Amino acid sequence: MSGVGKLVCVTGASGYIASWLVKLLLRRGYTVRASVRDPSDPKKTEHLRALDGASERLHLFKANLLEEGSFDSVVEGCEGVFHTASPFYHNVTDPKAELIDPALKGTLNVLASCTKASSIRRVVVTSSMAAVMYNERPRTPEVVVDETWFSDAQFAEKSESWYVLSKALAEEAAWKVAKENSIDMVTINPAMVIGPLLQPTLNTSCEAILKLIDGSSTTYPNYSFGWINVKDVAMAHILAYEVPSANGRYCLVERVAHYSEIVKIIHELYPSLKLPEKCADDKPFAPIYQVSRDKAKSLGIEYIPLETSIKETIESLKEKGFVSF
């Protein structure tokens, strides 16, 4: 119960990672100020209010990422700030309005509020592997991606990878502000985050698993991704705040796996499920690369195995009514 008597803030608290972060912070005894866009929307807040310890130690605040000063009153008096609020969608019609502005301006607004609060000891920002590994460097089996890699914004823009661009720009801006204002900041850079859902709505990364099991796809994508359990991601945020020596960035990847391997694991777990049988194209499979796990392990992250994460995701999707079998 290392958080007893300590006040921290979580932005975008109704999101997938943030909901787990709030749950684990409350479990450790912290008092949590949670910002959401609309505290009166039960879809955004009911699952948070139902968490153990929420009635005594969870305080919901209304805040808007695009509004300057919106987070001033939320972070004032807090010892730690966890900035997790940032949208993640694939089908984007207006990248600037939907992804880039909320990620970039939101980060700058939250950090601007943090510079005014003398109580803050450390800020932990949820970044992404999207801000790490998209550049001109090849990703092949002998390559090890680590915390020294940075995504190239021009490369992302050229390939119209708008989510990658939003995370690359946001993290770059965050480090600049942190340096200029002597903010003690750490970033957590998770890969595709799966595992149990606390919120009632479907998030983009769990939707990737849903599309393989709901009968809507006859093929699986020709992609290789890093995968990580949401509980490990939430715990990494807390350890990055609590461990005095934590610094810089932390890549979070339990395993890099091609979609064909994900399908194989699902088939072994649920043999009766009808799953996609072939790849979406005839090209060679996207190569598996390696991601260094050393720095995250030094924080104390044990890593939940991918098979467990997939099973937890599917069971949770069933329980929430997104799929039935």
Side-chain angles (χ1 to χ4, degrees), residues 1-13 15-34 51 53 57 75 77-86 107 110-111 114-115 117-129 131-132 144-150 167 170-171 174-175 177-179 181-191 193 195 226 228-255 291-305 309:
M1 296 290 280
S2 44
V4 175
K6 291 177 182 167
L7 178 64
V8 294
C9 159
V10 177
T11 70
Y16 179 45
I17 295 170
S19 296
W20 270 101
L21 177 54
V22 171
K23 181 185 171 90
L24 297 186
L25 284 165
L26 290 171
R27 190 186 284 171
R28 284 168 99 81
Y30 286 92
T31 297
V32 181
R33 285 187 184 163
L51 294 170
R57 289 179 283 107
V75 303
C78 289
E79 286 182 41
V81 172
F82 299 91
H83 175 46
T84 72
S86 190
T107 299
V110 170
L111 288 176
C114 291
T115 60
S118 58
S119 57
I120 295 171
R121 200 169 66 74
R122 180 172 284 169
V123 178
V124 181
V125 173
T126 313
S127 186
S128 169
M129 285 303 289
V132 175
V144 182
V145 178
D146 65 17
E147 284 79 7
T148 64
W149 283 48
F150 283 87
K167 297 306 280 188
E171 195 188 319
W175 283 118
V177 172
K179 213 172 180 176
N181 295 278
S182 303
I183 296 171
D184 181 355
M185 186 182 90
V186 178
T187 69
I188 301 297
N189 297 69
V193 185
I228 184 77
N229 192 294
V230 65
K231 291 180 279 188
D232 284 341
V233 179
M235 200 61 223
H237 281 73
I238 295 172
L239 293 170
Y241 171 67
E242 289 182 350
V243 175
S245 59
N247 66 88
R249 318 160 87 206
Y250 288 88
C251 294
L252 282 194
V253 178
E254 192 277 326
R255 194 181 315 171
V291 178
S292 171
R293 297 164 22 138
D294 300 347
K295 198 172 177 210
K297 284 209 158 170
S298 74
L299 265 187
I301 298 297
E302 295 292 329
Y303 284 117
I304 295 163
S309 298

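Everything numeric in this text was worked out from a predicted model, so none of it was measured.
Leu24 approaches Ile238 most closely through the heavy-atom pair CB-CD1, 3.5 Å. Counting all heavy atoms, side chain and backbone alike, Glu254 lies closest to Arg293 at O-NH1, 2.5 Å. Across every non-hydrogen atom of Ala240 and Ala246, the tightest pair is O-CB, 3.4 Å. In plain terms, the two heavy atoms of Cys251 and Glu147 that are nearest each other are N-OE2, 2.8 Å. Here the shortest heavy-atom pairing between Gly226 and Ala191 reads O-CB, 3.0 Å. Annotation for Met185 and Thr187: closest pair CE-CG2, 3.8 Å, computed over non-hydrogen atoms.
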- Candidate pair Trp20 and Val233, rule side chain to side chain contact (heavy atoms under 4.5 Å, CB included), full reasoning: CA-CA 9 Å; Trp20 270 101; Val233 179; over 6 Å; no

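Side-chain atoms of Glu171 and Asn189, non-hydrogen and from C-beta on, do get closer than 4.5 Å to each other. Taking the side chain as every heavy atom from C-beta outward, Val253 and Ile228 never approach each other to under 4.5 Å. Residues Arg255 and Tyr303 fail the side-chain proximity criterion, which asks for heavy atoms closer than 4.5 Å. Arg249 places a side-chain heavy atom less than 4.5 Å from the side chain of Val132. For the pair Asn247/Arg122, no side-chain contact is recorded, criterion being any heavy-atom separation below 4.5 Å from C-beta on.
Qualifying side chain to side chain contact (heavy atoms under 4.5 Å, CB included) partners for Ile304, counting only residues two or more places apart in sequence or in other chains: Asn229, Lys231, Asp232, Thr308, Ser309. Looking at residues two or more places apart in sequence or on another chain, you find a side chain to side chain contact (heavy atoms under 4.5 Å, CB included) between Thr11 and Cys9, Ser35, Phe71, His83, Thr84, Ala85, Val110.
A distance of 13.0 Å separates CZ in Phe82 from CD1 in Ile17, rounded to the nearest 0.5 Å. In this structure, CZ on Arg28 lies 12.0 Å from CG on Leu26, to the nearest 0.5 angstrom. Here the straight-line distance linking atom CG of Leu239 with atom OG of Ser2 works out to 9.0 Å at 0.5 Å rounding. Here the straight-line distance linking atom CG of Leu21 with atom CD1 of Ile188 works out to 10.0 Å at 0.5 Å rounding. Atom OH of Tyr250 and atom NE2 of His237 lie 12.5 Å apart (nearest 0.5 Å).
Remark: Arg121 qualifies as a cation-pi partner of Tyr241 under the 6.0 Å distance and 45° angle criteria applied to the six-membered ring.
With hydrogens and angles ignored, the 3.5 Å screen pairs no side-chain donor or acceptor of Asn181 with any backbone N or O of Ile183. Remark: the backbone N or O of Arg57 is not paired with any side-chain donor or acceptor of Thr31 at under 3.5 angstrom.
Across Leu7, Val75, Val8, a single residue satisfies side-chain contact (heavy atoms from CB on, under 4.5 Å) together with Arg33, and that is Leu7.
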